[in-house]
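Accompanying notes for the structure given below.
We count residues from 1, following the sequence as given. Indexing begins at 1, ligand by ligand and atom by atom, following the structure's order.
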Amino acid sequence: MESLIRDIHDFPTPGVVFKDLTPVLADPAGLRDAIDTMVTLAPEGIDMVAGVESRGFWFAPSIALALGCGFVAMRKPAKLPGPVLRRPVTLEYGEDELAVHTGQIPAGARVLIVDDVLATGGTLMGAADLVEDADASVAGALLFLELTALDGRAALEERGIDVRTAIRA
Ligand SMILES: O=P(O)(O)OC[C@H]1O[C@H](OP(=O)(O)OP(=O)(O)O)[C@H](O)[C@@H]1O
Ligand SMILES: Nc1ncnc2[nH]cnc12
């Protein structure tokens, strides 16, 4: 599955080595392996899976189905139609915002945050803020690929978040 990841240099901005996961998803065995591995890594006792737009949506609903949980979408600005909780995020190559529908994460729920790539960890920090804004708790963060050189794990673990990743590169 690791051999299917493609490096694209200078995308989306100069100096960034972009890890393209589309070949993993396009390969039936790669896709199966990716989801099965992530499901195996998931912590126990999850009430809900939160997926981060866009590429977190490639993984999160399949993982939620396997765990018997619901899926909640954390979306980019102005995409959700109802009232939202919002948080800014700073990532490897820019700034953005994430939002979740108010009331969709039940208070007290143990939430697993799912995304494709952990780089600086900025996106995951914003996603964790949203979970806590909903008076729920972050049961863990589950990602397909961790870019160890950017050390996003450090800040997340300092915050007490259990970070699990299928592949480290
Ligand atoms: O750890 P970080 O430095 O925060 O980077 C990781 C984030 O960057 C990418 O999202 P991007 O904003 O490119 O959006 P996309 O999923 O819509 O392509 C990726 O899918 C993660 O969400
Ligand atoms: N280098 C990278 N490749 C793919 N997705 C990313 N998200 C943040 N940094 C990334």
Practice problem: Look at atom CZ of Arg168 and say whether more than 12 heavy atoms of other residues, nucleotides or ligands are closer to it than 6.0 Å. | Solution: yes
Atom indices of ligand 1 within 4.0 angstrom of [X] heavy atoms, with elements:
X      : answer
Gly122 : 1 (O), 4 (O)
Glu92  : 3 (O)
Thr120 : 1 (O), 2 (P), 3 (O), 4 (O)
Val117 : 6 (C), 21 (C)
Asp115 : 20 (O), 21 (C), 22 (O)
Tyr93  : 8 (O), 9 (C), 11 (P), 13 (O)
Asp116 : 19 (C), 20 (O), 21 (C)

According to a hydrophobic-cluster definition based on side-chain heavy atoms being under 4.5 Å apart (Ile, Leu, Val, Met, Phe, Trp, Tyr only), do [X] and [Y] belong together?
X      : Y      : result
Val117 : Met38  : yes
Leu142 : Val100 : no
Ile105 : Leu85  : yes

Please give me the minimum heavy-atom distance between [X] and [Y], naming the atom from each residue.
X      : Y      : answer
Ala136 : Val111 : CB-CG2, 4.1 Å
Arg110 : Glu44  : NH2-O, 3.2 Å
Cys69  : Ile46  : SG-O, 3.4 Å

Practice problem: Show which atoms of ligand 2 fall inside a sub-4.0 Å distance from at least one heavy-atom site of Leu147. | Solution: 1 (N), 2 (C)
Self-check item: For Ala119, the ligand 2 atoms whose distance to one of its heavy atoms is below 4.0 Å
Solution: 8 (C), 9 (N)
Can you pull out the closest protein heavy atom to [atom]? Residue, atom name and distance to 0.1 Å, please.
atom                   : result
atom 7 (N) of ligand 2 : Tyr93 OH, 3.2 Å
atom 5 (N) of ligand 2 : Arg55 NH1, 3.0 Å
atom 3 (N) of ligand 2 : Lys19 N, 2.9 Å
atom 9 (N) of ligand 2 : Glu92 OE1, 2.4 Å

Quiz item: Is Phe18 in polar range of ligand 2, meaning some N or O pair under 3.5 Å apart?
Solution: no
Quiz item: Thinking salt bridges, do Glu146 and Arg153 make one under a 4.0 Å N-O criterion?
Solution: yes
Give the contacting part of [X] toward ligand 1: side chain, backbone, both or neither, where contact means a heavy-atom distance below 4.0 Å.
X      : result
Lys76  : side chain
Thr123 : both
Leu91  : both

Quiz item: Are Glu53 and Lys76 close enough, and set up right, to give a salt bridge (Lys or Arg N to Asp or Glu O under 4.0 Å), and what steps lead you there?
Solution: CA-CA 7 Å; Glu53 182 177 358; Lys76 303 278 169 75; 5.7 Å; no
Heavy-atom side-chain contact between [X] and [Y] under 4.5 Å:
X      : Y      : answer
Leu145 : Leu118 : no
Leu25  : Phe144 : no
Leu143 : Leu124 : yes

Self-check item: Leu91 to ligand 2, any heavy atom closer than 4.0 Å
Solution: no
Quiz item: Is there a nitrogen or oxygen of Leu118 sitting under 3.5 Å from a nitrogen or oxygen of ligand 1?
Solution: no
Practice problem: Could you pull out, from Ser54, Ala119, Gly51, the option with a heavy atom nearest to atom 5 (O) of ligand 1? | Solution: Ala119
Quiz prompt | Closest to atom 10 (O) of ligand 1 (judged by heavy-atom distance), picking from Glu146, Met74, Arg55 | solution = Arg55
Exercise. Look at ligand 1 and say whether Gly121 reaches it with a heavy atom at a distance under 4.0 Å.
Key: yes
Quiz item: Tyr93 vs Phe18 aromatic rings, parallel, tilted or perpendicular, using cut-offs 30° and 60°?
Solution: tilted
